[in-house]
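Quick notes on the structure that follows.
Hydrogens, waters and symmetry mates are skipped; everything else that's a heavy atom, side chains included, is used.
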Amino acid sequence: MRETIRKYAGNYKDRVVALTVFSVVVNLISAIGKLVLGIRLNSLWYIFNGAYYAVLVAARITSIFTYGRAKRVTDDEIRDNIETRYYKRSGLFIFLMAAVYFALCIHMFKQEYAVVAEGGWMIAAVVGIVVYKLIFSVYGLIVTRRLHDKVTETLKTVSFTDAGVSLVIAFCTLMNLVDKTVAVKSSAVLGLVISFAFMISGMIMTVSRSRRLKGN
């Protein structure tokens, strides 16, 4: 039974990519929906959110195609070169994701505005999703680093970045229950710190990998 499941489900890396395809569909719907809302309502909040999801979709689609391309290559050196160049581009995607969210947090702080869940079950859903994202992205990072696969490791790094910035809305949602006057600003400050950290991380990924490419 276990062998049959493995045969059709593939290895761990294949499952990661398969789940990423599902995530792309969900994120693409979110990106289009929020951009349309932002334009119709003239709301920078939704426009920034839509732009963030658009970059996230681009990062994940690039990952999927790179994984497929690298998997078809039989030469180890060519495969390593493909994955190395992909890793460099992914650093730029992570930087862009964080930069867009950084801009969103500036908007939150200045306008003291954020759209958060207010119903009991909706609050639980928002917090639950963020906790789920964090747990599985951290677990995925640990597993993929042991596998020494640049593509799936970077996919999990992108997921961890997404989980990290998602903390902002979860924190704002919970703070809104305590003190609405400070919820948005305190969450915006937290978001600025998290986003800036990921911007630096993305830059390091790009620069360090660029140096290796030049060394080759």
Side-chain angles (χ1 to χ4, degrees), residues 2 5-6 9-31 34 49 52-53 55-64 67 87 90-91 93-98 100-102 104-105 114-178 183 186-202 204-205:
R2 185 178 297 177
I5 293 172
R6 285 180 179 176
N11 57 34
Y12 179 78
K13 292 184 284 186
D14 291 334
R15 292 195 295 273
V16 167
V17 175
L19 286 172
T20 301
V21 173
F22 174 75
S23 297
V24 165
V25 175
V26 175
N27 295 152
L28 183 59
I29 293 171
S30 296
K34 292 188 177 189
N49 268 282
Y52 168 80
Y53 278 107
V55 177
L56 181 58
V57 166
R60 284 175 166 163
I61 288 177
T62 303
S63 302
I64 294 167
Y67 180 76
Y87 187 91
S90 294
F93 279 125
I94 288 172
F95 176 84
L96 283 173
M97 285 169 60
V100 172
Y101 217 85
F102 190 86
L104 172 64
C105 291
V115 179
V116 296
E118 294 187 356
W121 68 269
M122 291 181 68
I123 293 172
V126 169
V127 175
I129 289 170
V130 174
V131 171
Y132 170 84
K133 282 184 176 181
L134 281 171
I135 291 173
F136 280 90
S137 60
V138 171
Y139 170 76
L141 276 175
I142 294 170
V143 173
T144 52
R145 283 179 180 174
R146 289 175 181 171
L147 295 174
H148 303 291
D149 183 83
K150 296 186 186 73
V151 178
T152 50
E153 181 183 336
T154 307
L155 265 173
K156 288 302 179 181
T157 304
V158 170
S159 295
F160 180 69
T161 304
D162 181 43
V165 297
S166 296
L167 275 173
V168 178
I169 293 302
F171 181 75
C172 188
T173 301
L174 292 174
M175 282 294 294
N176 200 46
L177 296 173
V178 180
S186 59
S187 301
V189 171
L190 174 65
L192 289 171
V193 173
I194 293 174
S195 304
F196 188 70
F198 281 121
M199 285 168 68
I200 293 174
S201 175
I204 291 172
M205 283 177 67

Identify the heavy atoms of [X] and [Y] that sit nearest to each other, and give their distance.
X: V168; Y: G191; answer: CG2-CA, 3.3 Å
X: A188; Y: C105; answer: CB-O, 3.4 Å
X: M199; Y: F95; answer: O-CD1, 3.3 Å
X: S195; Y: A98; answer: O-CB, 3.2 Å

- Message: Within the structure provided, determine whether F93 and V158 are in side-chain contact (heavy-atom separation under 4.5 Å).
- Response: no
- Task: Compare all side-chain heavy atoms of T20 with those of Y67 and state whether any distance is below 4.5 angstrom.
- Result: no
Nearest 0.5 Å, please: how far is [atom2] in [Y] from [atom1] in [X]?
X: M205; Y: T157; atom1: CE; atom2: OG1; result: 5.5 Å
X: L96; Y: Y52; atom1: CG; atom2: OH; result: 12.0 Å
X: S187; Y: M175; atom1: OG; atom2: CE; result: 6.5 Å
X: N176; Y: F171; atom1: CG; atom2: CZ; result: 11.5 Å
X: L190; Y: I169; atom1: CG; atom2: CD1; result: 10.5 Å
X: M97; Y: T161; atom1: CE; atom2: OG1; result: 5.0 Å

Report all side-chain donor-acceptor pairs from residues 23-30 shorter than 3.5 Å, counting only partners two or more places apart or in another chain.
unit_1	atom_1	unit_2	atom_2	d
S23	OG	L19	O	3.1
N27	OD1	R60	NH1	2.5
S30	OG	V26	O	3.2

- Query: Can you name the residues that form a side-chain contact (heavy atoms from CB on, under 4.5 Å) with V193, not counting sequence neighbours?
  - Reply: none
- Item | Donor-acceptor under 3.5 Å (T62 side chain, A58 main chain) | yes
- Message: Would you call the rings of F198 and F160 parallel, tilted or perpendicular, taking 30° and 60° as the class edges?
- Response: perpendicular
- Stepwise, does the side chain to side chain contact (heavy atoms under 4.5 Å, CB included) test hold for V100 with L104? CA-CA 6 Å; V100 172; L104 172 64; 5.7 Å; no
Using distance only, find each side-chain donor-acceptor pair of residues 123-136 under 3.5 Å and give its atom names and separation, not counting sequence neighbours.
unit_1	atom_1	unit_2	atom_2	d
K133	NZ	D162	OD2	3.1
K133	NZ	S166	OG	3.3

